[in-house]
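What follows is a set of notes on a single structure, which appears directly below.
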Amino acid sequence: MAKYGEGDKRWIVEDRPDGANVHNWHWAETDCLEWSRNLLTKLLSDHTILDGEGNLYLKTKKIEKLEGEAYVNVRKGKIIPGYEISLSLSFLGEAKDSDGKSLLVVDGTVEVPYISDENADEDPEVRVLVKDEGPIGRRLKEAFLSKGKQFVLEQIRVYVSAMAKGGPAKDELEVKKVNPAAKKVSAPADVAAVEVKKEEKKEEKKKEKKREGFKTITVTEKFSCRAKDMYEILMDENRWKGFTQSNARISKEVGGEFSIFDGSVTGRNVELQEGKLILQKWRFGNWPDGIHSTVRLTLDEPEPGLTVVKVVHTDIPEEDRYGNSTVVENTERGWRDLILNKIRAVFGFGI
């Protein structure tokens, strides 16, 4: 038993004379924002996407903006990355005719609004914008969505993997172990205080998540039709009016707005790939103010005449503005009974 005021040395992690963080016992935090900016710049800049295929030329330029926070915590050898960043990447597109004459040169931007450690196992949303929305500009935009988006996602996965391995922190900690001139670590009491603060932050985040109460649903159905036919139905307001027996207003442009089920559901188009993908923001009228969900609807045609529709609907609140807790259940039922099964019945796409 230790004397009063001395403490028991068995429970004290003392500073070493050489300042080494033995076995990474102390909590070490490394700011990784600048490192993230440098790595993503290296991964994404000056890369050729298309070099004449279909007389189109696409090349990324540079990271115009990267904002947010990124850090890595290491405690007792365990790597704990944390990051919430957004980035904007510029690119240059050019279309030529069959004789090699330039038809249009346009600047474009790729926006990735949210890359987070909480969604490390999911691909983030990618938006593609061009300054010329004419026919050729749209063609270049669609080409980047088709060919360039996958490249961007692949490089982001490289970044996510690098952060999971410690980013710059791993090397820095190895240097600290062998560098006798390294700065001494904080006193044990300070270390304990930092640990408590970190744990409190984690608990606060958990509480916030629980308080927010958002869910994801996935619905997959097969239809006896071509993927392009299903896409046309889902993007045509007159057909929506037909199979739902309610008013609908639907824009077919990226960024355009829509309103379905007599205005009960509203939103906007985020990304459209004809016959392949519909990515939209959805909001139900009875949801709390400011809440928007994301609908990712993919169309796959494994064989001619057979289309698999997969709906992934994320960020659905568990309760509506009146406290009813059947939102998720009703949303899933709505997709099956009021949309997909109605399409199957009305247009004769049953299998």
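Rounding to the nearest 0.5 Å gives a distance of 11.0 Å between OG1 of Thr244 and CD of Glu237. One distance of note links CG of Asn341 with CZ of Phe243; it measures 11.5 Å at 0.5 Å rounding. Taken to the nearest 0.5 Å, the CD atom of Glu274 stands 10.5 Å off from the NZ atom of Lys276. The CG atom of Leu104 lies 6.0 Å from the CG atom of Leu140; values are rounded to the nearest 0.5 Å. Rounded to the nearest 0.5 Å, atoms CZ (Phe151) and OG1 (Thr60) are 5.0 Å apart. We find the CD-OG1 distance between Glu319 and Thr326 to be 9.5 Å, quoted to the nearest 0.5 Å.
A donor-acceptor pair under 3.5 Å is formed between the side chain of Trp240 and the backbone N or O of Leu234. Using modelled atom types, one side-chain atom of Thr307 and one backbone atom of Cys225 make a donor-acceptor pair closer than 3.5 Å. Counting only distance, with no hydrogens or angles, the side chain of Arg37 and the backbone of Leu66 share a donor-acceptor pair below 3.5 Å.
No hydrogens or angles considered: nothing links the side chains of Lys281 and Ser293 as a donor-acceptor pair under 3.5 Å.
Within the structure, salt bridge (charged side-chain N to carboxylate O under 4.0 Å, His left out) contacts touching residues 321-331 (residues at least two apart or in different chains) are Asp289-Arg321, Glu329-Arg333. Sorted by first then second residue, the ring-ring contact (aromatic ring centres under 6.0 Å, His included) pairs that include residues 89-129, not counting sequence neighbours, are Phe91-Phe144. Screening residues 250-268 for salt bridge (charged side-chain N to carboxylate O under 4.0 Å, His left out) gives Asp236-Lys252 as the qualifying pairs, with residues at least two apart or on separate chains. Applying the side-chain hydrogen bond (donor to acceptor under 3.5 Å, both in side chains) definition to pairs two or more places apart or across chains, those involving residues 90-101 are Glu64-Ser90, Glu94-Ser102. Among pairs with a residue in residues 127-148, those fulfilling side-chain hydrogen bond (donor to acceptor under 3.5 Å, both in side chains) read Glu125-Arg127, at least two apart in sequence or across chains. Every pair passing salt bridge (charged side-chain N to carboxylate O under 4.0 Å, His left out) that includes a residue from residues 226-235 is listed here, sequence neighbours excluded: Arg226-Glu301.
With contacts defined as side-chain heavy-atom distances shorter than 4.5 Å, the pair Leu272/Met235 qualifies. At least one side-chain heavy atom of Val308 sits under 4.5 Å from a side-chain heavy atom of Pro302. Side-chain atoms of Val311 and Glu221, non-hydrogen and from C-beta on, never get closer than 4.5 Å to each other. The closest side-chain heavy-atom distance from Leu153 to Lys149 is below 4.5 Å. Annotation: side chain of Phe284 is not in contact with side chain of Asp320 (no heavy-atom distance under 4.5 Å). Ile278 is not listed as a side-chain neighbour of Val295, based on a closest heavy-atom distance of 4.5 Å or more. Between Met163 and Val72, some side-chain heavy-atom pair lies under the 4.5 Å cut-off.
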Going by atom type alone, with no hydrogens or angles, which donor-acceptor pairs under 3.5 Å involve a side-chain atom of residues 45-55 and a protein atom two or more places apart or on another chain?
| from | atom 1 | to | atom 2 | distance (Å) |
| --- | --- | --- | --- | --- |
| Ser45 | OG | Thr41 | O | 2.8 |
| Glu53 | OE1 | Asp51 | N | 2.7 |

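Contacts of Tyr231 classified as ring pair (Phe, Tyr, Trp, His ring centres under 6.0 Å), with partners at least two apart in sequence or in another chain: none. For Ile291, the side chain to side chain contact (heavy atoms under 4.5 Å, CB included) partners two or more places apart in sequence, or in a different chain, are Phe214, Arg283, Trp287, Pro288, Pro317. In this structure Trp335 satisfies the side chain to side chain donor-acceptor pair (under 3.5 Å) test together with His313, sequence neighbours excluded. By the side chain to side chain donor-acceptor pair (under 3.5 Å) test, Gln280 pairs with Asn269, Trp282, sequence neighbours left out.
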Test side chain to side chain contact (heavy atoms under 4.5 Å, CB included) on Lys222 and Leu306; report intermediate values, then the result. CA-CA 7 Å; Lys222 294 180 180 180; Leu306 174 63; 4.3 Å; yes
Going through the checks in order, is the side chain to side chain contact (heavy atoms under 4.5 Å, CB included) test met by Glu318 and Ser325? CA-CA 6 Å; Glu318 291 184 335; Ser325 58; 5.9 Å; no
Steps toward side chain to side chain contact (heavy atoms under 4.5 Å, CB included) verdict (Leu40, Gln155): CA-CA 8 Å; Leu40 286 165; Gln155 304 315 306; 5.7 Å; no
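Between Tyr159 and Tyr83, the distance from one ring center to the other falls under 6.0 angstrom.
The two residues Gly93 and Leu58 come nearest to each other via the heavy atoms CA-CD2, 3.7 Å. Across Ala95 and Ile136, no two heavy atoms sit closer than the pair CB-CG2, 3.5 Å. Of all the heavy atoms in Gly68 and Leu33, the pair that sits closest is O-CD2, 3.5 Å. Glu271 approaches Leu145 most closely through the heavy-atom pair OE2-CD2, 3.6 Å. The shortest heavy-atom contact between Ile233 and Phe349 is CD1-CE1, 3.3 Å. Closest approach of Ala70 to Asp31, counting heavy atoms only: O-OD1, 3.3 Å.
Taking Ile, Leu, Val, Met, Phe, Trp and Tyr as members and joining any whose side-chain heavy atoms lie under 4.5 Å apart, directly or through other members, the hydrophobic cluster of Leu279 also contains Val270.
The side-chain contact (heavy atoms from CB on, under 4.5 Å) test with Lys61 is passed by exactly one of Leu44, Thr109, Leu92, Leu89: Leu92.
When the shell of 6.0 Å around NZ of Lys241 is examined, it contains more than 12 heavy atoms from other residues, nucleotides or ligands. The 12-atom threshold is not exceeded at NZ of Lys215, counting heavy atoms of other residues, nucleotides or ligands nearer than 6.0 Å.
In the hydrophobic clustering of this structure, Val160 groups with Val158; members are Ile, Leu, Val, Met, Phe, Trp, Tyr whose side-chain heavy atoms approach within less than 4.5 Å, directly or through other members. Linking ILVMFWY side-chain heavy atoms closer than 4.5 Å, directly or via other members, places Leu56 and Leu103 in a single hydrophobic cluster. Connection of Val327 to Val312 is not established within any shared hydrophobic cluster, with ILVMFWY side chains joined at heavy-atom distances below 4.5 Å, either directly or through further cluster members. Residues Leu87 and Val128 share a single hydrophobic cluster, defined by chaining ILVMFWY side chains whose heavy atoms lie under 4.5 Å apart. Tracing side-chain contacts under 4.5 Å through hydrophobic residues (I, L, V, M, F, W, Y), one never reaches Leu129 starting from Ile115; they form parts of separate clusters.
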